[in-house]
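Just so we're on the same page: letters track the sequence lines, and every chain starts at 1.
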Amino acid sequence: MPELPEVEIVRQSLDKKVKDKIILKVLVKNRNLRFKIHSGFKRHLNKKKIKKVDRFSKYLIIRFEDNTGFIIHLGMTGTIHLSNIKNKNSLTNTSFYHSPILPKKHNHVEIQFSKMKFIYNDPRRFGYFSIFHNPIELKKKFSHFGPEPFSKSFNMNYICNYFKKKEKNIKNFLLDQKFVSGIGNIYASEILFKCKIHPNKKAKNLTKYDCKKIFKYSKLVLKKAIKKGGSSIRDFQNINGETGNFQKNFNVYQRENLKCLKSKCNGIVKKKIISNRSSFFCNYCQK
DNA sequence: AAGAGGCCCTGATAGC
DNA sequence: TGCTATCAGGGCCTCT
């Protein structure tokens, strides 16, 4: 679920709450996430002071003052909850998938600070934690990733050259983190709608104008989603308990058989499974 | 070496 | 009410 915009909303909220806080205790209730939590995880975190919460692509980067730290990937269903220790019922919440009430099941990791604790919940366990010991090691973790849409290196030259002779369809390229990082299944459909490009169009057949639109709308759609506070199919609240609003702006995602929202277009939104992921598009205006 | 497909896992929902 | 099937926002691994 969480794509770049949702992770960015979590980052902003989390940074405010845990910045300059010292980790007093770490509880790993279930280390069997997507990847097994490192045996030295607790030791690595213990007594560390948090300098900053950063983000790259869909990954949160928790930086400590000594330049070590760890990264969190939320997978499909990972959520972060901050709970006031003195009053267990008052939860300041960062939740994508669940209601603001702290779930009882699947709370796999707890990180305690002096007055609150951080709880990682993940029913499907597709998310994971990974530690790093220095900035070079961190950089290496992301070395095989393509640029974010906002990056200077995500430019017309890069895009046009990347697509040359590529048989793969454009939808799969938007999901391919080696090409561009941070886009997931919802925003891939939304970006292609704005571009008026059919998700099944082969990359090698994209025109220069197509590339220009991909360049433009990859940025715009994600930026707008961040501005709207992210989106989710289920309840999504940021740390202040405000609901994300971007789902109201979906043009095609989960709008199967509804009328195309482009003005003067009489098309109908279709759903098609492409590479095992559902794609939504207007069968009339997306060519 | 690019590209397709299987798979990791739980839970919500639909259909019978 | 209770079973089974299908689907879900990610991405790594294997096979061709």
Chemist: Hey, can you pull the residues of residues 160-167 of chain A with a non-hydrogen atom under 4.0 angstrom from DNA chain C?
Modeler: none
Chemist: Please work out which of the three classes, parallel, tilted or perpendicular, describes the rings of A/Phe173 and A/Phe163, given edges at 30° and 60°.
Modeler: tilted
Chemist: Aromatic rings A/Tyr162 and A/Tyr158: how do their planes relate, parallel, tilted or perpendicular, breaks at 30° and 60°?
Modeler: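 Because their plane-to-plane angle lies in the 30° to 60° range, the rings of A/Tyr162 and A/Tyr158 count as tilted.
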Chemist: Should A/Ser278 be listed as having a side-chain N or O under 4.0 Å from OP1 or OP2 of C/dA8?
Modeler: yes
Chemist: Would you mind reading off the distance between A/Asn200 atom CG and B/dA4 atom P, rounded to a whole angstrom?
Modeler: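 Taking CG of A/Asn200 and P of B/dA4, I get 10 Å after rounding.
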Chemist: Could you give the NZ-to-C1' distance, from A/Lys272 to C/dC7, as a whole number of Å?
Modeler: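 About 19 Å, once rounded to whole Å.
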Chemist: What integer distance in Å separates A/Phe126:CZ from C/dG11:P?
Modeler: 11 Å
Chemist: Could you state the atom-to-atom distance from CG of A/Asn276 to C1' of C/dA8 in whole Å?
Modeler: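 Distance, rounded to whole Å: 12 Å.
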Chemist: Answer yes or no: is there a side-chain heavy-atom contact under 4.5 Å between A/Phe64 and A/Lys49?
Modeler: no
Chemist: Within a strict 4.5 Å, meaning less than it, do heavy atoms of the A/Lys166 and A/Lys202 side chains meet?
Modeler: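 Contact flag for A/Lys166/A/Lys202 side chains = no.
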Chemist: If the P atom of C/dG11 is compared with that of B/dA1, how far apart are they to the nearest Å?
Modeler: 24 Å
Chemist: Using purine N1 to pyrimidine N3 plus N6-O4 or O6-N4 for Watson-Crick, or N1-O2 and O6-N3 for G-U wobble, each under 3.5 Å, what pairs with B/dC9?
Modeler: none
Chemist: Without decimals, in angstroms, what is the distance between A/Gln254 CD and B/dT13 P?
Modeler: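 In whole Å, B/dT13 P lies 12 Å from A/Gln254 CD.
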Chemist: Between B/dG3, C/dA8, C/dC12, which nucleotide has the shortest distance from any of its atoms to the side chain of A/Phe173?
Modeler: B/dG3
Chemist: Nearest of C/dG10, B/dA4, C/dC12 to any side-chain atom of A/Asn185?
Modeler: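 Closest of the options to the side chain of A/Asn185: C/dG10.
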Chemist: Over 60° means perpendicular and under 30° means parallel, so tell me whether A/His73 and A/Tyr128 are parallel, tilted or perpendicular.
Modeler: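 Plane angle under 30°, so parallel.
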Chemist: Say you pick atom P in C/dT6 and the same atom in B/dG6; how far apart are they, in whole Å?
Modeler: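 Looking at atom P only, C/dT6 and B/dG6 are 14 Å apart.
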Chemist: Does OP1 or OP2 of C/dG10 have a side-chain N or O of A/Arg34 closer than 4.0 Å?
Modeler: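 Looking at the OP1 and OP2 atoms of C/dG10, neither is under 4.0 Å from any side-chain N or O of A/Arg34.
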Chemist: Less than 4.0 angstrom between a side-chain N/O of A/Lys271 and OP1 or OP2 of C/dC7, yes or no?
Modeler: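 Looking at the OP1 and OP2 atoms of C/dC7, neither is under 4.0 Å from any side-chain N or O of A/Lys271.
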Chemist: Determine whether A/Leu82 and A/Leu14 make a side-chain contact, defined as any pair of heavy atoms from C-beta on separated by less than 4.5 Å.
Modeler: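 They are in side-chain contact.
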Chemist: Without decimals, in angstroms, what is the distance between A/Phe179 CZ and C/dG10 C1'?
Modeler: 18 Å
Chemist: Under 4.0 Å, heavy atoms only, any strand: does A/Asn172 hit a base, just the sugar-phosphate, or nothing?
Modeler: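 Sugar-phosphate contact only.
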Chemist: Is there a side-chain contact between A/Gln12 and A/Glu8 (heavy atoms, below 4.5 Å)?
Modeler: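 A/Gln12 reaches A/Glu8 side chain to side chain.
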Chemist: Counting only side-chain nitrogens and oxygens, does A/His106 get under 4.0 Å of the OP1 or OP2 atom of B/dC9?
Modeler: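 So the side chain of A/His106 is outside the cut-off, no N or O lying under 4.0 Å from OP1 or OP2 of B/dC9.
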Chemist: Do the side chain of A/Arg125 and the base of B/dC9 come within less than 3.5 angstrom through a donor-acceptor pair of N or O atoms?
Modeler: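 Answer no: no donor N or O sits under 3.5 Å from an acceptor.
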Chemist: Can you find a pair of side-chain heavy atoms, one from A/Lys204 and one from A/Lys168, that are under 4.5 Å apart?
Modeler: no
Chemist: Using OP1 and OP2 only, check whether a side-chain N or O of A/Lys178 sits under 4.0 Å from B/dG3.
Modeler: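 Indeed not, no polar side-chain atom of A/Lys178 lies that close.
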Chemist: From B/dG11, C/dC12, C/dG11, pick the nucleotide closest to the side chain of A/Phe35?
Modeler: C/dC12
Chemist: Counting only side-chain nitrogens and oxygens, does A/His73 get under 4.0 Å of the OP1 or OP2 atom of C/dG10?
Modeler: no
Chemist: To the nearest Å, how far apart are A/Met76 CE and C/dG10 P?
Modeler: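 Whole-Å distance recorded here is 6 Å.
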Chemist: Whole angstroms only, please: what is the CG-C1' distance between A/Asn169 and B/dG5?
Modeler: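 About 14 Å, once rounded to whole Å.
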